[in-house]
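Both counts, for ligands and for their atoms, begin at 1 and track the order of listing. Since we're looking at a predicted model, the values are computed, not measured.
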Amino acid sequence: MIKFTVLTLFPEMFAPVRESILKRAQDQDLIQVELINFRNYALTKHKNVDDVPYGGGAGMVLKPEPLFAAVRDLPSAHGKRRIILLSPQGQVFNQELAKSWSQADELVFLCGHYEGFDERIRPLADEEVSLGDFVLTGGELAAMVMIDAVARLVPGVLGETASFEEDSHSAGLLEYPQYTRPPEFEGMKVPEVLLSGHHARIESWRRKESLRRTFLKRPDLMEKFKFVPEDYQLLEELAQEHPEIRKWSARWEQLKPKPKRRRK
Ligand code: 4G3
């Protein structure tokens with residue numbers, strides 16, 4: 001059981017986490033999602049949570065007191081807890097971070113709104129994380145995306161048989177193309193090899209197509225990817241089909257099979 005606690009001024013924005021797969025996961029007690037409106041911790045009679053910036057300028061800034069009070073009022077952690085501040089200035093979220101968070105007992109998301117938050121809020125968090133290089137009206141949508149990405153890694157959330165976990169072999173590559181029936185749709189045929197039942201050839205075709213897509217669509221991912229010796233043949237075929245791939249051939253040259261020494 002992993003608990004997601006969200007500190008937000010807009011708990012109603014989280015309706016989507018009560019639907020579909022995440023709803024089922026909560027019904028089965030695989031995950032828990034608690035929403036806390038930290039406006040309830042505002043000190044003033046008008047429940048102010050924001051104020052004008054010192055030094056002047058446009059927009060409002062999130063005050064520190066309500067968030068501090070809300071975090072201090074959290075029930076003491078029963079295990080590994082990480083407090084996460086959503087902000088465009090954070091480390092960019094990715095699958096590796098999702099995997100690491102899925103080992104925690106509790107993830108607490110602090111959602112800022114307005115033009116930003118008082119700098120003294122930052123040390124409340126263990127880490128500052130961003131969904132990417134863009135600005136949202138608040139951290140809520142980013143928190144929901146991260147909750148979804150982590151929850152699907154919790155055993156049982158995707159069902160008994162679903163293997164969400166790509167094997168280490170394919171991790172870091174884009175997915176290969178998938179097809180289902182019918183075998184031909186509006187003149188577009190399913191690749192013959194997938195109908196062949198020849199397991200080894202299918203595996204090899206999928207590996208090649210994953211490599212092709214990654215090279216063509218996300219060369220940045222290719223830079224970090226660790227090839228295996230069996231990729232050599234596939235990479236040489238791909239370089240024939242897409243000459244522009246050749247510029248990376250140094251990445252796989254060391255995989256070239258050594259000529260076998262002839263036995264006397
Ligand atoms: C802090 C997260 C929070 C400073 C939050 C704006 C984008 C992301 C906010 C600030 C956010 C993201 C709230 N926008 N890229 N908005 O993860 O300027």
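Around atom 11 (C) of ligand 1, the closest heavy atom drawn from A142, G138, G132 belongs to G138. By heavy-atom distance, the residue among P88, G90, S130 lying nearest atom 9 (C) of ligand 1 is P88.
Which parts of ligand 1 touch G112 is read off a 4.0 Å heavy-atom cut-off, strictly below it: atoms 13 (C). Near L131, with a cut-off below 4.0 Å to any heavy atom, the atoms of ligand 1 are 12 (C), 15 (N), 17 (O).
Distances from ligand 1 to the non-hydrogen atoms of E115 include at least one value under 4.0 Å.
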Assess the residue pair T8 and R39 against the criterion (side chain to side chain donor-acceptor pair (under 3.5 Å)); give the C-alpha distance rounded to whole Å, side-chain angles, the decisive distance to 0.1 Å, and a yes or no. CA-CA 8 Å; T8 172; R39 189 179 295 279; over 6 Å; no
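For Q89, no nitrogen or oxygen atom sits less than 3.5 Å from a nitrogen or oxygen atom of ligand 1, counting backbone and side chain alike. Checking only distances, V135 never comes within under 3.5 Å of ligand 1, N or O to N or O.
Closest to atom 1 (C) of ligand 1, if we only count protein heavy atoms, is F117 CE2, 3.2 Å. Atom 16 (N) of ligand 1 has its closest protein heavy atom at L136 O, 3.1 Å. The protein non-hydrogen atom at the shortest distance from atom 3 (C) of ligand 1 is L86 O, 3.7 Å.
Between the side chains of E106 and T5, at least one donor N or O sits under 3.5 Å from an acceptor N or O. Between E140 and H113, the side chains place a donor N or O and an acceptor N or O closer than 3.5 Å (distance only, hydrogens not considered).
The heavy-atom pair separating G172 from T214 by the smallest distance is O-CG2, 4.4 Å. Nearest heavy-atom pair across S76 and R81 is C-NH2, 4.1 Å.
Using a cut-off of 4.0 Å between Lys/Arg side-chain N and Asp/Glu carboxylate O, D231 and R207 are scored as salt-bridged.
A ring-centre distance under 6.0 Å is found for F93 and W101.
For F93, no heavy-atom contact with ligand 1 is shorter than 4.0 Å.
Of the possible polar contacts, none joining the R82 side chain to the E127 backbone as a donor-acceptor pair under 3.5 Å is found.
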